[in-house]
Amino acid sequence: MKKRIIFASLIGLLVLGTSCEDNRDEYLSDYDTRMYFRNSDLQEQDCYVTGETTAYTVSVIKAGSDLGAVSDASVSLMEAAQLQIYNEDNVTNYSVLPSNCYTLNGELNMSFASGDSYQTFDVVFDPEAVHNLPTANYVVPFVLNSSKTVNENKNVLFVKPNAIVPTIYFEKSGFSATSLSKNGPDQVELDLPVIIPMANKWDFNCTIEVDQELLDTYNAEHGTDYQLLPAAAYTLNKDFKFEMGTTVTKSNITLDKTKLDMGEYVLPLRLANCTQPYFQIDKEKSTCLFSVIYVPGEIPLQLDMLSSNATVEGDGTGLAGLFDGLGGAKHWHSNYSGSVIDPVYGHYIDFALPNAIQYFAFDFWTRYENANGAPTTVTLYTSNDGATWTKWVNINMSLTSGNEEYNSSVFKSEETFKYLRFSVTESNAGNVTNGSYWNCGEMKIYGE
């Protein structure tokens, strides 16, 4: 617990009497008149570096049972040596803020008339001067004294300025995805909010640019091969304005899916410029990889579309488990007796599609109870007669919990096809080509 120090002797005044804090309301005190700081101990003030000053208001309170009494108060600044004594006694590490970083606006020697219950003065900080200081725990240290009783628990105040260089940034930085549906409108308008975290007193402009290098770096680091969103498929408001009083503004992106093939694209954006000289662009939130996924329409599953070489009986609901909803025991399970061995395809499900398609995607849910049989290595095969199969896509999945969802990429085939084989050769349970198994809680497929 911090020790409390009465600093009256430091400024040549004698505190008349002592008091103890009994947690009763100050106005019901046993003392006729009591003086204290409204906010004592450490008080922090954010100071944005904008070329303007920032003020913190200090309030001195007159309280007690005799509110009609006249009183006096004197606020003084601790010297460095006095503050060092306080630090040693209270296990703090405050340093006196240099005088060129602030001014005091108001009277520190106060006379309280009978009707006065409080008086104030301001500590006016120069945020830029504070920002330029070496790192330390700087405060403006005040001590309160009076010829009346001073509350010894509220007689010191340390005002600490926190100099902050204001930043501008994307509300949603990093990787974000937007899906376009085949059945939706041809053009979609999206907002890209940009934020400043403080009251805005200025008009200024900002610029966004498309950064191909940002996408190249992302692909290299994540092992992806996202394509750049074609310039013909979007319009971007690269230059936009913050107006006085606004803390959020929006750049607009209009997507035109008639200029896109189905698939996944990325528009890599960077905040490039801000005309407000005191603002900095937040490096951690200055980029946005705006993903656009043009998804084909859903193909509703029906039992007569589905077949498999390895459906097990009595565990789950058979092939209907792929589309009968999520829940306990509502799953499809492949044979786990070791009686179905296929060194090429493992255990598979074939989909007979109602129409020939060229684009395909799927959503996959693990078994509701657990992911013990979740696929890890999947290969898609295509066919136009259901007998001759062409290897198409290899997919690696990593699913670890029950009822977990996986959303695939949109895959494009060089030729249309009418049959799809979903072949699993490895799962969390082991090597399916040697007799292990896999299972699925639910599936949705999409094609065009």
Side-chain angles (χ1 to χ4, degrees), residues 42-56 95 97-103 122-140 159-176 190-222 228-229 234 236-253 266-291:
L42 180 65
Q43 302 295 325
E44 300 191 33
Q45 175 65 54
D46 287 344
C47 302
Y48 287 97
V49 181
T50 62
E52 300 184 357
T53 58
T54 301
Y56 177 88
S95 298
L97 183 70
S99 59
N100 68 306
C101 294
Y102 71 96
T103 58
D122 289 337
V123 188
V124 182
F125 294 106
D126 179 344
E128 190 164 4
V130 176
H131 180 67
N132 291 333
L133 291 173
T135 302
N137 199 14
Y138 289 108
V139 297
V140 183
V159 184
K160 178 184 178 182
N162 296 318
I164 302 172
V165 176
T167 57
I168 182 170
Y169 54 87
F170 285 124
E171 180 181 52
K172 294 181 179 180
S173 58
F175 197 95
S176 62
L190 303 169
D191 292 329
L192 189 63
V194 180
I195 291 177
I196 58 173
M198 56 176 290
N200 180 22
K201 302 177 181 178
W202 309 272
D203 292 328
F204 61 95
N205 298 315
C206 294
T207 303
I208 293 175
E209 65 181 19
V210 178
D211 188 345
Q212 172 73 59
E213 184 178 348
L214 185 64
L215 176 57
D216 293 341
T217 300
Y218 184 90
N219 280 334
E221 290 179 351
H222 294 83
L228 183 68
L229 184 67
Y234 70 93
L236 170 66
N237 180 21
K238 294 184 179 181
D239 299 301
F240 55 95
K241 183 177 183 179
F242 270 97
E243 295 183 346
M244 184 182 302
T246 62
T247 58
V248 180
T249 193
K250 297 176 181 178
S251 176
N252 300 109
I253 303 172
V266 169
L267 182 62
L269 302 176
R270 182 185 298 278
L271 277 170
N273 185 50
C274 174
T275 60
Q276 219 297 338
Y278 286 99
F279 285 11
Q280 292 184 1
I281 296 173
D282 188 326
K283 292 182 180 179
E284 298 297 321
K285 301 178 182 180
S286 64
T287 60
C288 175
L289 288 139
F290 197 81
S291 171

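Note that these values count all heavy atoms, side chains included, but never hydrogens, waters or copies made by symmetry. This chain uses plain numbering: 1 for the first residue, then up along the sequence.
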Discussion item. Quick one: does any side-chain atom of Asn200 pair with a main-chain N or O of Glu243 as donor and acceptor, under 3.5 Å?
Written reply: yes

Worksheet item: How are the rings of Phe204 and Phe242 set to each other: parallel, tilted or perpendicular (split at 30° and 60°)?
Response: parallel

Response to the item:
One should read off an interatomic distance between Ile281 CD1 and Thr167 OG1, to the nearest 0.5 angstrom, of 10.0 Å

Fill in: Atom pair NZ/CD of Lys160 and Glu44 - distance to nearest 0.5 Å
5.0 Å

Worksheet entry | Lys241 side chain reached by Thr249 side chain, heavy atoms, under 4.5 Å | no

Fill in: Ring centroid separation Trp202 to Tyr278 under 6.0 Å
no

Worksheet item: Atom OH of Tyr218 and atom CG of Asp211: how far apart are they, to the nearest 0.5 Å?
Response: 15.0 Å

Worksheet entry | Under the salt bridge (charged side-chain N to carboxylate O under 4.0 Å, His left out) test, residues paired with Asp46 that sit two or more places apart | none

Practice prompt. Determine whether Val130 and Tyr138 make a side-chain contact, defined as any pair of heavy atoms from C-beta on separated by less than 4.5 Å.
Written response: no

Practice prompt. Verify whether one side chain among Thr207 and Asp239 offers a donor that lies under 3.5 Å from an acceptor in the other.
Written response: yes

Fill in: Audit row: Asp126, Asn100, side chain to side chain contact (heavy atoms under 4.5 Å, CB included) steps and yes/no
CA-CA 8 Å; Asp126 179 344; Asn100 68 306; over 6 Å; no

Output side-chain donor-acceptor pairs under 3.5 Å for residues 47-54, partner residues at least two apart or in another chain, one line each.
from: Tyr48; atom 1: OH; to: Pro197; atom 2: O; distance (Å): 3.2
from: Glu52; atom 1: OE1; to: Lys201; atom 2: NZ; distance (Å): 3.1

Discussion item. Please determine whether side chain to side chain contact (heavy atoms under 4.5 Å, CB included) holds for the pair Phe125 and Val159, giving the CA-CA distance in whole Å, both sets of side-chain angles, and the decisive distance to 0.1 Å.
Written reply: CA-CA 10 Å; Phe125 294 106; Val159 184; 3.7 Å; yes

Worksheet item: With a 4.5 Å limit on heavy-atom distance, are the side chains of Arg270 and Ser286 in contact?
Response: yes

Worksheet, complete the sentence: CD (Glu209) and CG (Leu236) are apart, to the nearest 0.5 Å, by 11.0 Å

Worksheet item: With side chains defined as the heavy atoms from C-beta onward, is the minimum distance between Ser95 and Asn137 less than 4.5 Å?
Response: no

Response to the item:
CG (Asn237) and CG (Leu192) are apart, to the nearest 0.5 Å, by 10.0 Å

Worksheet item: Do Ile168 and Val194 pass the side chain to side chain contact (heavy atoms under 4.5 Å, CB included) test, and can you show the C-alpha distance, the side-chain angles, and the key distance before you say yes or no?
Response: CA-CA 7 Å; Ile168 182 170; Val194 180; 3.5 Å; yes

Discussion item. A quick test of your reading: do over 12 heavy atoms of other residues, nucleotides or ligands sit less than 6.0 Å from CD of Gln212?
Written reply: yes

Worksheet item: Looking at OH of Tyr169 and CD1 of Ile196, how far apart are the two atoms once the value is rounded to the nearest 0.5 Å?
Response: 9.5 Å

Item to complete: Over all heavy atoms of both residues, which pair between Val210 and Leu228 is shortest? Give the atoms and the distance, please.
Response: CG1-CD1, 4.4 Å

Worksheet item: Shortest non-hydrogen contact from Pro193 to Lys250?
Response: CA-CG, 4.1 Å

Practice prompt. Apply side chain to side chain contact (heavy atoms under 4.5 Å, CB included) to the pair Asn219 and Val266, showing each step before the final yes or no.
Written response: CA-CA 10 Å; Asn219 280 334; Val266 169; over 6 Å; no

Worksheet entry | Leu133 and Leu97, any side-chain heavy atoms less than 4.5 Å apart | yes

